[in-house]
There are 2 protein chains.
Amino acid sequence: MSTASSSLPDTDLLRQTIRASGLKVTAPRVAVLRALQRLPHSSAERVFDRVKDELAGTSTQAVYGILAAFTGAGLVRRFDPPGSPALFECRVGDNHHHLVCIRCSAIRDVDCVIGEAPCLEPSDDAGFVILSAEVTFNGLCEQCRTISSTDDNP
Amino acid sequence: MSTASSSLPDTDLLRQTIRASGLKVTAPRVAVLRALQRLPHSSAERVFDRVKDELAGTSTQAVYGILAAFTGAGLVRRFDPPGSPALFECRVGDNHHHLVCIRCSAIRDVDCVIGEAPCLEPSDDAGFVILSAEVTFNGLCEQCRTISSTDDNP
DNA sequence: CGTTTATTTTGAACTACTCAAAACAAACCG
DNA sequence: CGGTTTGTTTTGAGTAGTTCAAAATAAACG
């Protein structure tokens, strides 16, 4: 058995990941990271729902703060689909893109079209230093596509 | 002189554009379209600020409704930069992308890297029907880049 | 184990946006 | 040109998502 301070098995690894990013390790942070690994593309509220089951007494504000700290440290990635709260995921550094269903808001990861470092270079950078690129494909998922062709009034 | 019902010169053209999209022509709609042509990448609030100078008595709700109607009719395009309210622009149908300064929130249009129909095809569409693609480059504009290299504490 | 420094809680406030009902105006038509 | 229909705007209120600030608390370092 490992010397985990929490009862869950992967806690030590989560703690290491957090510390490796230069952040202090706390119980709420471990819980948030675990929640996010289990439920990718989660909103702050959804993360909070899961965290409070594991660690009662955690506040929403803590979750917002932790997600901001993780994002700043490069541990998680944030993205903002239109008409939806901000979403967070652990998959980071691989510059993947997102498929968003405009009907049911389902999210799917998709690898970049053009190899490793994709759409990272615009035709004219207008003097900008580009730090990251976010590609979002809006469409209809398989299920919603079928519904929409049957029933024209969503 | 044209038979414009408003005093501004380009009003007739704006009215035609709105009607051509299948929408009723009203004074607030003309004012919103004019504001948006003058100030691209504007938030609803910013559009409202300009509209109310031209047409006192217009409500914010009307502006939100008009922008939603225009977007639905394909007359304007909406996009959602992270941490900012939704932005609207008239340039539509050419699938251009956006450069966003993460420091001062400046927006610049940029044409697509890969010819006409760009990043519109993901490597694996996971059963989705893709309707549109949104590419956002996050970075530092020329001015903020200079400031950042001089002053490390933003 | 105490000190320092960062984090979390607590409580409140704010922004962007949406909803619903009543008042109103544009478009169509005789 | 005036009535009718249909869609739009105003008015008034409400909500979700997020942020702020100060006090309480816990992690890390020595």
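Since we're looking at a predicted model, the values are computed, not measured. Here is the naming used below: chain letters follow the sequence lines, and residue numbers restart at 1 for every chain.
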Donor-acceptor pairs are to be reported for all side-chain atoms of residues 74-91 of chain A against protein atoms at under 3.5 Å, with residues two or more places apart or in another chain.
from	atom 1	to	atom 2	distance (Å)
A:Arg77	NH1	A:His96	O	3.1
A:Arg77	NH1	A:His96	ND1	3.4
A:Arg77	NH2	A:His96	O	2.8
A:Arg77	NH2	A:Glu134	OE1	3.1
A:Arg77	NH2	A:Glu134	OE2	3.4
A:Arg78	NE	A:Asp80	OD1	3.2
A:Arg78	NH2	A:Asp80	OD2	2.9
A:Glu89	OE1	A:His41	NE2	2.9
A:Glu89	OE1	A:His96	NE2	3.2
A:Glu89	OE1	A:His98	NE2	3.3
A:Glu89	OE2	A:His96	NE2	3.1
A:Glu89	OE2	A:His98	NE2	2.9
A:Arg91	NE	A:Asp94	OD2	2.6
A:Arg91	NH1	A:Asp109	OD2	3.4
A:Arg91	NH2	A:Asp94	OD2	2.8
A:Arg91	NH2	A:Asp111	OD1	2.7

What's the CZ-C1' distance between A:Arg78 and D:dT19, to the nearest Å?
-> 12 Å
Under 4.0 Å between any heavy atoms, over every strand shown, what does B:Thr60 touch: base, sugar-phosphate, or nothing? Just pick one.
-> nothing
What's in the same ILVMFWY side-chain cluster as A:Tyr64, cut-off under 4.5 Å, chained through other members?
-> none
Rounded to the nearest Å, what distance is computed from the CZ atom of residue A:Phe88 to the C1' atom of nucleotide D:dG17?
-> 11 Å
Extract all donor-acceptor atom pairs below 3.5 Å that involve side chains of residues 17-32 of chain A and protein atoms in other chains or at least two apart in sequence.
from	atom 1	to	atom 2	distance (Å)
A:Thr17	OG1	A:Leu13	O	2.8
A:Ser21	OG	A:Thr17	O	3.3
A:Thr26	OG1	A:Arg29	N	3.3
A:Arg29	NH1	A:Lys24	O	2.9

With A:Ser42, which residues qualify under side chain to side chain contact (heavy atoms under 4.5 Å, CB included), at least two apart?
-> A:Leu36, A:Leu39, A:Arg46, A:Val47
Which residues pass the side chain to side chain contact (heavy atoms under 4.5 Å, CB included) test with A:Ser59, sequence neighbours left out?
-> A:Gln61, A:Ala62
Base, sugar-phosphate alone, or nothing: which one does B:Ser43 contact when heavy atoms must sit under 4.0 Å apart?
-> nothing
Results of salt bridge (Lys or Arg N to Asp or Glu O under 4.0 Å) for A:Asp53 - residues two or more places apart only = none
Among pairs that include at least one residue of residues 11-38 of chain A, which meet ring pair (Phe, Tyr, Trp, His ring centres under 6.0 Å), considering only residues two or more places apart or in two chains?
-> none
Of all heavy-atom pairs linking B:Val63 and B:Ala44, the shortest is CG1-O, 3.6 Å
Of residues 62-77 of chain B, the positions that come close to DNA chain D - non-hydrogen atoms, cut-off under 4.0 Å = B:Ala62, B:Ile66
Should B:Leu99 and A:Ile130 be marked as a side chain to side chain contact (heavy atoms under 4.5 Å, CB included) after you check the CA-CA gap, both sets of side-chain angles, and the distance that decides it?
-> CA-CA 8 Å; B:Leu99 247 34; A:Ile130 307 300; 3.8 Å; yes
When you check every protein heavy atom under 4.0 Å of nucleotides 21-30 of chain D, what one-letter string (B, S, -) results, 5' to 3'?
-> ------BS--
Given the rule in the side chain to side chain contact (heavy atoms under 4.5 Å, CB included) test, do B:Phe70 and B:Leu33 qualify, once you have shown the distances and angles that lead to the verdict?
-> CA-CA 9 Å; B:Phe70 281 2; B:Leu33 191 54; 4.0 Å; yes
Taking CD from A:Glu45 and P from D:dT19, how many angstroms apart are they, rounded to a whole number?
-> 13 Å
If you link I, L, V, M, F, W and Y whenever their side-chain heavy atoms are under 4.5 Å apart, who else ends up in the same group as B:Leu55?
-> none
Looking at five pairs on each end of the helix from C:dC1-D:dG30 to C:dG30-D:dC1, what is the angle between the two axes, given to 10 degrees?
-> 40°
Using chain A heavy atoms and a threshold of under 4.0 Å, write down where along DNA chain C the contacts begin and end, 5' to 3'.
-> C:dT5 to C:dA12
Applying the 4.5 Å side-chain criterion to the ILVMFWY set and letting contacts propagate, would A:Phe137 and A:Val100 be lumped into a single cluster?
-> no
With a 4.5 Å limit on heavy-atom distance, are the side chains of A:Glu142 and B:Phe128 in contact?
-> no
